[in-house]
Amino acid sequence: MHETFVMDSPIYKLKIHIEQNCVAKVEFNSDEPVSLPATDLGKKLQQQLNDYFRSPANSFAVPVLPQGTDFQARVWLALTDIPPGKVLTYGELAEKLGSSARAVGNACRRNPIPLIVPCHRIVAKSGIGGFAGDTDGRLIDIKLRLLEHEGFGLKLG
DNA sequence: TGTTTTGGGGCTG
DNA sequence: CAGCCCCAAAACA
């Protein structure tokens, strides 16, 4: 089972990919027209996203497609333990995992499901860090706006 | 402000 | 396997 839909959000247009009844990928660069989810999971996720944008305290509870190396999976799982309104540095998460900041950054950079797997809650000790594979531009702006939505000022960066 | 250390991952032979 | 390169970091001089 495979479906893709595009939804609008206060932050950006979101393109959601669903495979094997799991969320598989999220993209922010869709210029395609908005389309409606067809599956139960798609509808549920759309609802959760709307709830999140209404209030950041609403987090996500959806199955995600197993992907990546063992280490990447460990990092991505750890990300889901960070609640809205909290941020960790790459180094702090690395310490929890017995790894290094550089390696954690590598894994975050390859997170296929940004926002839902909240890699935006990881920042550099000095600076904003990257988002969705980029280190500047539009995607960093989205990261800043997500963090702002979750209660942080625009001082990061 | 450099420079070095660092660990995961991809690529090549 | 080794060797080499790339990185969303951080420590250090």
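Not measured: the values here are computed from a predicted model. To find a chain, count down the sequence lines: A is the first, B the second, and so on, and within it residues start at 1. Just so it is clear, the values below take in all heavy atoms, side chains as well, and ignore hydrogens, waters and symmetry mates.
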Which dot-bracket string describes DNA chain C (Watson-Crick N1-N3 plus N6-O4 or O6-N4, or G-U N1-O2 and O6-N3, all under 3.5 Å; [ ] crossing; | other strand)?
|||||||.|||||

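One atom, CG of A/Leu97, and another, P of C/dA9, lie 16 Å apart when rounded to the nearest Å. One can place CD of A/Gln72 at 17 Å from P of B/dG7, the figure rounded to the nearest angstrom. Atom CD1 in A/Ile122 sits roughly 12 Å away from atom P in C/dA9 (whole-Å rounding). One interatomic measurement links the two molecules: OH of A/Tyr90 to P of C/dA11, which rounds to 14 Å at whole-angstrom precision.
Every pair passing salt bridge (charged side-chain N to carboxylate O under 4.0 Å, His left out) that includes a residue from residues 51-77 of chain A is listed here, sequence neighbours excluded: A/Asp51-A/Arg54. Applying the salt bridge (charged side-chain N to carboxylate O under 4.0 Å, His left out) rule to pairs touching residues 78-95 of chain A yields nothing, sequence neighbours excluded. Among residues at least two apart or in separate chains, side chain to side chain donor-acceptor pair (under 3.5 Å) pairs with a member in residues 29-42 of chain A are A/Glu3-A/Thr39, A/Lys15-A/Glu32. Every pair passing salt bridge (charged side-chain N to carboxylate O under 4.0 Å, His left out) that includes a residue from residues 113-133 of chain A is listed here, sequence neighbours excluded: A/Arg121-A/Glu150. A salt bridge (charged side-chain N to carboxylate O under 4.0 Å, His left out) check over residues 55-68 of chain A, counting only residues at least two apart or in different chains, returns nothing.
Every residue two or more places apart in sequence or in another chain that forms a salt bridge (charged side-chain N to carboxylate O under 4.0 Å, His left out) with A/Asp141 is listed here: A/Arg145. With sequence neighbours left out, the side chain to side chain contact (heavy atoms under 4.5 Å, CB included) criterion links A/Ser59 to A/Pro84. The side chain to side chain contact (heavy atoms under 4.5 Å, CB included) search around A/Ala124 returns A/Tyr90, not counting sequence neighbours. Residues satisfying the side chain to side chain contact (heavy atoms under 4.5 Å, CB included) criterion with A/Ala94, sequence neighbours excluded, are A/Val104.
Nearer to the 5' terminus of DNA chain C, by closest-nucleotide assignment, is the contact made by A/Asn106 (compared with the other of A/Ala124 and A/Asn106).
Under the 30°/60° scheme for interplanar angles, the aromatic rings of A/His120 and A/Phe131 are found to stand perpendicular.
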What pairs of nitrogen or oxygen atoms, one from the protein and one from nucleotides 3-5 of chain C, lie under 3.5 Å apart?
none

Show each protein N/O and nucleotides 2-5 of chain B N/O combination with a separation under 3.5 Å, one pair to a line.
none

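Nearest to the side-chain atoms of A/Phe71 among the listed nucleotides C/dA10, B/dG7, B/dG8 stands B/dG8. Checking C/dA11, C/dA9, B/dG7 against every side-chain atom of A/Lys125, the shortest atom distance belongs to C/dA11.
Contact annotation for A/Ala132: base contact, defined as any heavy-atom pair under 4.0 Å involving a base atom.
For an aromatic pair to be called close, the ring centres must be under 6.0 Å apart, and A/Phe5 with A/His17 fails this.
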